[in-house]
Amino acid sequence: MSNFKRTLITSALPYANGPVHIGHLAGVYVPADIYARYLRLKGEEVLFIGGSDEHGVPITLKAKKEGTTPQAIVDKYHGMIKDSFEKFGISFDVYSRTSAKIHHETAAEIFKTISDKGGFVEQTTEQFFDSEANQFLADRYITGTCPKCNFDKAYGDQCESCGTSLNATDLINPKSMLSGNVPVMKETKHWYLPLDQYEPWLKEWILEEHKEWKPNVYGQCKSWLDGGLNPRAVTRDLDWGVPVPIEGAEGKVLYVWFDAPIGYISATKELTPDWEKYWKDPETRMLHFIGKDNIVFHCIIFPVILKAEGSYILPDNVPANEFLNLEGDKISTSRNWAVWLHEYLVDFPGKEDVLKYTLTANAPETKDNDFTWKDFQTRNNSELVAILGNFVNRVLVLTNKYYEGIVPVAGNFEPRDEEALATLVQLRTDVEKALDTFHFREALRLAMEMARLGNKYLADMEPWILIKTDPERVKTILHVCLQITANLTIVFEPFLPYTMNKLRSFLQMEKLNWNDLGRRDLLKAGDRVNTPELLFEKIEDDAIQRQVDKLLSTKKANEAELATVVPAKANIEYDDFAKLDIRTGTIIAAEKVAKTKKLLKLTIDTGIDQRTVVSGIAEQYEPEQIIGRRVSILVNLAPKNLKGIESQGMILMAENQEGKLVFVIPADEIANGSEIR
RNA sequence: UGUGGGGUAGAGCAGUUGGUAGCUCGUCGGGCUCAUAACCCGGAGGUCGUGGGUUCGAGUCCUACCCCCGCUACCA
């Protein structure tokens, strides 16, 4: 680690189809920013890169839906995202975007270089094409009937009902999700990155040389490598993106995951003509801060691209975080289940550091974590206000009260003073160790330990009592307290930059270097300090309640939206209906099918017989609570083997848009076996 | 389906190479009164997901299973 001259920090490019939320901040930008600030404070050479990822299919779809152009979409969100980051003080050296000219040039150039070296494999395949939308369709954008289980909403890549992975061509009655039309097969040529050829090298590089990577990152890579890598298409038939810079590739663009990480390089180019020193000098240490969904792209695909190009360095570490949930539910842009940064800035002005603190203290470093407004309030009130803010306030109030704001001269240090001052040095070592290994949560806790130390020291020394009997001693005590306070400005600088600015202005201090941390002479006797304002203020219940209410109304709005009814299917003849034999029945036994999450094995009395039916309702019904329930059952459905159990029929359920299932049952008492028609 | 991470006190989380289970918040009791009813001390609260196994000794290693969350399937 010590043989590196400089550090290049990249942070995942947020996708410009929506604003950024607390999940982005907690997962990537806050830890990356803390690390960048920490290294800068140590006087190291650092470059911190960010930018918006503006290509890909979802953006074109969103543009279509809103009746505008992809460029208009990305302009809007890039602006919002950039603004939010600025206001939160994410200290990018450059924040660029992938629709920038320099990025198109850079990405094209890298593609061209690899292509000229023969680094791609070209392959022509048949793919579904939507003639109305004039567009090839990704598997995910095709829906149809599963050939295995007859589920009629299977996707082109997998059936969510039976879990089988599919090819889009397997689907019965495929339909385009864009237009609803039947897609046609059409030939298309694409360029593939032969990841398989890099497997031995990747195994050596990651599995042998980077055992220090976080367990989630290392494990994920190992699983990909153990499973064997396949060539991966890096071009797409689309009109939005970086055009493939090769003859015969008209109308094709680079796959968004090929061009996005190259955005780190183009952003560096945009910043400085000296960019190559960061990307090609082996003495540069490159770090990718990302979320867990990005692991494979940053640990396998992007390194292979860089390796194939030949002249670039590779990441030294990829500290990926897990995900942050919000009030128990997954954060979702499309469901509007998020705390949006631009809204937070309006609702909690001047409290950027508070959110950053909360997100760091509860960062999803080893597993998914949950953000709750209650926790946010507690952390602010019990930690920032009560421990850090309060200590600073106590010291400054006492200094003003006893010495008119002048730092007093220290007498001889007693063992208890020495002990407190020595702890500062120890804490510095501990915080450094945590930061160097990307344990930001731990680092923050240790920093807070310094404020605790101050509070305890004050409580033990009781200067407010000693002032009556031994005023000389009190000078030493407050001198020590002021040195602790001064040290706080350094140790918290990477975490709470705005707040530390404020604290330095109270102390009339210049910004110091990390190497000054632990010193006992940061303030000199005779220095003046200002009368303090509050460093943090309490957050009251009503402010929290407003946020909770906001989320509740989002939930309601989502439910209302889901209540929309799907349009009727095409007409059928009576004979079609008459083929169905539906009867009333009763559930007489029910048990969960092992190793599945949705399936229940039911035994039904149909009046005709007792038979076994496997039904996908386990997520909403417990086996014991449905025994004895009346049901309607389709009895002449061809038997079907599900998870090794033969299912003889189908229970009729009403299902709403949300996926909620309800039994369809006769309204009054009627014998089992009665026909429904 | 396969695969990665996780399951430790009421909540949120640490637990490095196996050696007396910790931290923050909350809670209960006490102290203090300089401080934003803040601070300091002490207590209660855990069969470390479950069952087997290795070991003198297992939260930690092996094994089987259960549950949660991702990825696989372009949301950090």
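The structure presented is a predicted model; accordingly, all values stated were derived computationally and were not measured. Letters go in sequence order (proteins before strands), and every chain restarts at 1.
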Quiz item: So which of residues 458-474 of chain A are in contact with RNA chain B, with a heavy-atom cut-off of under 4.0 Å?
Solution: A:A459, A:W464, A:I465

Quiz item: Is there a residue in residues 535-543 of chain A whose heavy atoms reach under 4.0 Å of RNA chain B, and which residues are they?
Solution: A:L535, A:F536, A:K538

Same-atom distance ([atom1]) from [N] to [M], integer angstrom:
N      : M      : atom1 : answer
B:rC48 : B:rG10 : P     : 13 Å
B:rU60 : B:rA9  : P     : 15 Å
B:rC25 : B:rA21 : P     : 23 Å
B:rC66 : B:rC23 : C1'   : 29 Å

Practice problem: Could you pick out which residue, A:D375 or A:N393, lies toward the 5' side of RNA chain B when each is mapped onto its nearest nucleotide? | Solution: A:D375

Practice problem: Salt-bridge test for A:E533 and A:K502: reply yes if a basic N is under 4.0 Å from a carboxylate O, no otherwise. | Solution: no

Self-check item: Under-4.0 Å salt bridge between A:R473 and A:D417
Solution: yes

Rounded to the Å, how far apart are [X] [atom1] and [N] [atom2]?
X      : N      : atom1 : atom2 : answer
A:L384 : B:rC39 : CG    : P     : 12 Å
A:F438 : B:rU16 : CZ    : P     : 19 Å
A:W240 : B:rC74 : CH2   : C1'   : 16 Å
A:L478 : B:rC34 : CG    : C1'   : 9 Å
A:N230 : B:rA73 : CG    : P     : 11 Å
A:I300 : B:rC74 : CD1   : C1'   : 16 Å
A:F297 : B:rC75 : CZ    : P     : 9 Å
A:D370 : B:rG10 : CG    : P     : 18 Å

Practice problem: Any salt bridge (charged side-chain N to carboxylate O under 4.0 Å, His left out) involving residues 12-32 of chain A? Give me the pairs, sequence neighbours left out, ordered by first then second residue. | Solution: none

Quiz item: Pairs in or reaching into residues 390-408 of chain A: which pass salt bridge (charged side-chain N to carboxylate O under 4.0 Å, His left out), with residues at least two apart or in two chains?
Solution: none

Contact class for [X] (heavy atom, under 4.0 Å): base, sugar-phosphate, or nothing?
X      : value
A:I331 : base
A:V28  : sugar-phosphate
A:L534 : base
A:N455 : sugar-phosphate
A:V256 : base
A:E365 : nothing
A:G56  : nothing
A:F323 : base
A:Y255 : base
A:K401 : sugar-phosphate
A:H21  : base

Quiz item: Looking at residues at least two apart in the chain, or sitting in another chain, which of them share a ring pair (Phe, Tyr, Trp, His ring centres under 6.0 Å) with A:F348?
Solution: A:Y344, A:W373, A:F376

Self-check item: Non-neighbouring partners of A:F48 that pass ring pair (Phe, Tyr, Trp, His ring centres under 6.0 Å), sequence neighbours left out
Solution: A:F92

Can you find a side chain N or O atom of [X] that sits less than 4.0 Å from OP1 or OP2 on [N]?
X      : N      : result
A:R452 : B:rA38 : no
A:K456 : B:rC41 : yes
A:S382 : B:rG26 : yes

Quiz prompt | Ring geometry between A:F302 and A:Y264 (parallel below 30°, tilted from 30 to 60°, perpendicular above 60°) | solution = perpendicular

Self-check item: Sequence-distant partners of A:E462, side chain to side chain donor-acceptor pair (under 3.5 Å), two or more places apart
Solution: none

Quiz item: Sequence neighbours excluded, which residues qualify as side chain to side chain contact (heavy atoms under 4.5 Å, CB included) partners of A:V20?
Solution: A:P14, A:H24, A:I81, A:S84, A:F85, A:L341

Quiz item: Looking at residues at least two apart in the chain, or sitting in another chain, which of them share a side chain to side chain contact (heavy atoms under 4.5 Å, CB included) with A:D430?
Solution: A:Q426, A:L446

Exercise. Determine whether the aromatic ring centres of A:Y15 and A:H55 lie less than 6.0 Å apart.
Key: no

Practice problem: Between B:rA76, B:rG70, B:rC74, spot the one nearest the side chain of A:W257, thanks. | Solution: B:rC74

Quiz prompt | Nearest to side-chain heavy atoms of A:V385, which nucleotide of B:rU36, B:rA35, B:rA76 | solution = B:rU36

